[in-house]
Amino acid sequence: MLRATLRSFLAHKGRLLLSALAVVLSVAFVAGSLIFSDTVSRTFDRLFASTAADVTVAPKDDFGSRVATGAVQTVPAALADRLARVPGAASAHAEVRADNVTVVDARRRFLGSTTGAPTIASDWHVTDRSPVELTSGHAPRGAGEALLDADTADRKHVRIGDTLTVMAQPGTLRVRVVGIATFTTTNPGASLVYLDPRVAAAELLGSPARATSVSVQAAPGMSDALLKQRVVAAVGAGAYDVTTAGEHAKSSAEQLGTFLDVIKYVMLGFAAIAVLVGIFLIVNTFSMLIAQRTRELGLLRALGADRRQVRRSVLTEAVLLGLVGSTLGLAAGIGLAAGLIRLMGAFGMNLRAADMVVGWPTPVAAYVVGVGVTFVAAYLPARRAAAVSPMAALADADVAGVGRPLRTRAVVGAVVGALGVAALAGCAAASRTASAASLLGLGVVLTLVATVVAGPLLVRPVIRVLGGAFPALFGPVGRMSQRNALRNPRRTGATAAALMVGLALVGGMSVASASMSASFDQQIDRTLGADFVVQNANFAPFSQEVTDRVRSTEGVGLVVRQRFAPVALRLPDGRRVTTTASGYDPRVDDVAHVTYVGGGSAAALADGGIGMDAGFAREHGVRLGSVLPVEFPGGRRAALKVGALTDQDGAEGFGMQGGVFLGLATVERYIPGGQDTALYVNAAGTDADRLRPRLERALDAYPQVQVRDQADYKELVHDQIAVLLYLVYALLGLAIVIAVLGVVNTLALSVVERTREIGLLRAIGLARRQLRRMIRLESVVIAVFGAVLGLALGLVWGVCTQQVLALQGMGALAVPWGTIVAVVVGSAVVGVVAALLPALRASRMNVLAAIAHE
């Protein structure tokens, strides 16, 4: 039996190759994502471990994460002298680092990263743990000189002698590049500017007496943990954040982990789609191979093989297929990880392929996925193979499973489908987002399973409609193609299911994204009353100079400033909620149309006042007039009175993050030194169309700042939603690739199965061109059948998803009919492409050899 199994596997290796490709794709994405994330983690672990000081003393952060307020948290620079005298400390240095700077060159080009990595200005202080080294020029001397990192210099074509403008919180300074510093470790994508240590604090922090942290190096033989204890004793417990090198590296790695998880889960999503669609392909392939080998399997049974041996033989073929696919997929995954490393280099993160990490969990996961998928997919066909009677060797047996009734599928599909519909109905009727989302997920899974199970039941009625015009348009060829698609509903349903999964996902996400765009459009129209909004390109704070330029522009009337403020609220229900509040100037109602459930902006923005969303307040027992203890960064505390409760829909549309807002004067009191994050501008005495070019000219020296009107805001939101949609289209592309393989595989095996029939058709006068057309039409109708099922399912999912979004204030429902029509047309094209090779092979058959085929 083993020899027979190996011979059978090698005899059908050409047919199994397409199935192996599905395994290769799914394993490649699993292995590639694990290798890439492991490589990045290991690289940054080395970076953090090699560059962190033995002990670092930084400002206290009670909020878990720092929000970009523009205010730089500092410690006294004199703290370094005190810590240098701590027993066991070899040295201490007051670090100066500002992450809120903007750097432009002489042609006013922004030198920072466009991928979200920060632009950092710091003092030039060289140690054996510095991440960069001076490779050309000299160190900065005085206020007018600076170093630039080599990656930014190469990317932006900056040379020694060029002039740069550094916009920091205290003001703007012009510097001349006197040297280039090259990274000795991985560059995480940041742009670095180094200033003379004697002037850095004054230029970047506004005072030479301030520092952003103090790094303490341990004396030989002194452990980091013991040195930390002595430093804490010297500065006082709880006064500052004191971390060892290991703790600092762990904290930095955890922050990086969020970024890595996004990449990993996206790639694993690709792998999941590949696995799901590949299962259909492998089931179909093994089912057809077993059907074509009915006489062979019957002969094995007649020679004495029992059912267990036959089932084991088929599963052994599946395991061999899984091993081959997993091995090739693991190799492809290594190549995919190398490609991702090169891609990250294009975005400024210079990883090295030589540092690629292939840990033992990666090949284990690769083989578990590859072998597991093929084994599971081949199990049902293997059971059918074991059921072949020994008498099948003595007669021309029909294709297995064609004539069996579909009653079991009908019952299972109806039950599972009813449960799925009930879950989706519950989702539509739910009033809480969490329960609605849970029911949506359950409903999506159940309806997908029901459609796959009951798909063969829909083949005959749907394909009769889809191919109804074929006889009139293409004559007997069209009629035969339609009947070929109807011949085996199980096979047609399984082949179409691969395409259905991808298109259902696209249909659902297209409706959801279109509804989100329409909802945001409505909210922007309803809430934004300003003529223009001035914001940083990445919503980061900007310097006071930008605000001054806007206010002094001719034709500008009202300017309302906005600042972000991290706060922690002590609520009546006993909870401490950390969120981000927005601070506004008093005349916010002149540039926004906010719906107030109680109170108004005057009370909320007054000294000692605060406002919040009415739903949030109701959930935590807050009422109009309640006095809440509020904590700000730096240990500052206040008791603020609730002066307004707003409708969250309006607040979200205007950008009041977390629904909490307060007066800008209150923000400036408790978070001094902050920067504006947005300016809402109304024209006065001039037309808005004339004011815009004036504002853009006034801000020409600040390329990081953009002037937006309502149309620009809508386009910005659409672009952000489009990123999600592009990801879905990428998943669709992967599903289509595997679905095309499935259609090609099905048609190729079907051609082999119908060899004698094709020979007879050719013998009675069917031309080669007509034969190719028949197979193409069969492929097209199968592909369109999958598209119709997928889109119908996707539209239902999309509508239910919109109901979940409506609970978050996004109540508009939009169906992108153009996309739906384009997908259906594209599916027909997919069918034509998938049929090219099988049709060509069929048309080249020798007529006499085909008629004589057994």
Side-chain angles (χ1 to χ4, degrees), residues 25 266 269-270 273-274 276-277 280 444 447-448 451 455 458 462-463 465-470 473-474 481 485 492-493 495-521 714-715 717-744 747 776-802 805 812-836:
L25 286 173
V266 166
F270 278 81
I273 294 296
L276 182 60
V277 179
F280 294 123
V444 166
T447 51
L448 177 61
T451 306
L458 302 173
V462 176
I463 286 186
V465 173
L466 296 177
F470 282 5
L473 295 175
F474 304 104
S481 65
T492 299
T495 304
L499 188 60
M500 179 198 71
V501 172
L503 295 185
L505 177 64
V506 168
M509 292 305 298
S510 295
V511 173
S513 61
S515 300
M516 289 173 63
S517 296
S519 299
F520 278 114
D521 287 350
K714 292 178 182 178
E715 183 179 356
V717 172
H718 294 173
D719 289 343
Q720 292 174 339
I721 295 175
V723 173
L724 174 63
L725 203 55
Y726 293 151
L727 174 61
V728 176
Y729 287 154
L731 289 173
L732 168 66
L734 174 64
I736 285 178
V737 168
I738 302 178
V740 168
L741 295 177
V743 176
V744 171
L747 293 177
R776 285 198 300 268
L777 291 175
E778 179 183 352
S779 177
V780 167
V781 78
I782 291 174
V784 174
F785 170 69
V788 169
L789 286 188
L791 291 175
L793 197 59
L795 287 175
V796 174
W797 293 352
V799 171
C800 293
T801 302
Q802 189 275 331
L805 296 175
L813 174 64
V815 179
W817 293 112
T819 301
I820 303 299
V821 172
V823 168
V824 174
V825 174
S827 301
V829 175
V830 165
V832 172
V833 172
L836 291 179

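Please read all numbers here as calculations on a predicted model, not as lab measurements.
With Ser515 contributing its side chain and Gln802 its backbone, the two residues share no donor-acceptor pair below 3.5 Å. Ser519 places a side-chain N or O within 3.5 Å of a backbone atom of Ala812 that can act as its donor or acceptor partner.
Pairs engaging residues 777-800 under the side-chain hydrogen bond (donor to acceptor under 3.5 Å, both in side chains) rule: Thr447-Trp797, Arg754-Glu778 [sequence neighbours left out]. Residue pairs meeting the salt bridge (charged side-chain N to carboxylate O under 4.0 Å, His left out) criterion with at least one member in residues 500-516: none, sequence neighbours excluded.
Under the side chain to side chain contact (heavy atoms under 4.5 Å, CB included) rule, Leu791 has a single partner from Ile820, Val821, Val796, Val506, which is Ile820.
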Working for side-chain contact (heavy atoms from CB on, under 4.5 Å), residues Leu503 and Ser827:
CA-CA 9 Å; Leu503 295 185; Ser827 301; 3.5 Å; yes

Could you walk me through whether Val788 and Val824 pass the side-chain contact (heavy atoms from CB on, under 4.5 Å) test, one step at a time?
CA-CA 7 Å; Val788 169; Val824 174; 5.5 Å; no

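Phe470 and Ser481 make their closest contact through CD2-OG, 3.6 Å (heavy atoms, listed as atom of the first residue, atom of the second, distance). Taking all atoms of both residues into account, the shortest heavy-atom contact from Thr801 to Ala512 is CG2-CB, 3.8 Å.
Atom CG of Leu458 is separated from atom OG1 of Thr492 by 12.0 Å, given to the nearest 0.5 angstrom. To the nearest 0.5 angstrom, Asp719 atom CG is 9.5 Å from Ser517 atom OG.
Using a 4.5 Å cut-off on side-chain heavy atoms (C-beta onward), Val780 and Val784 make contact.
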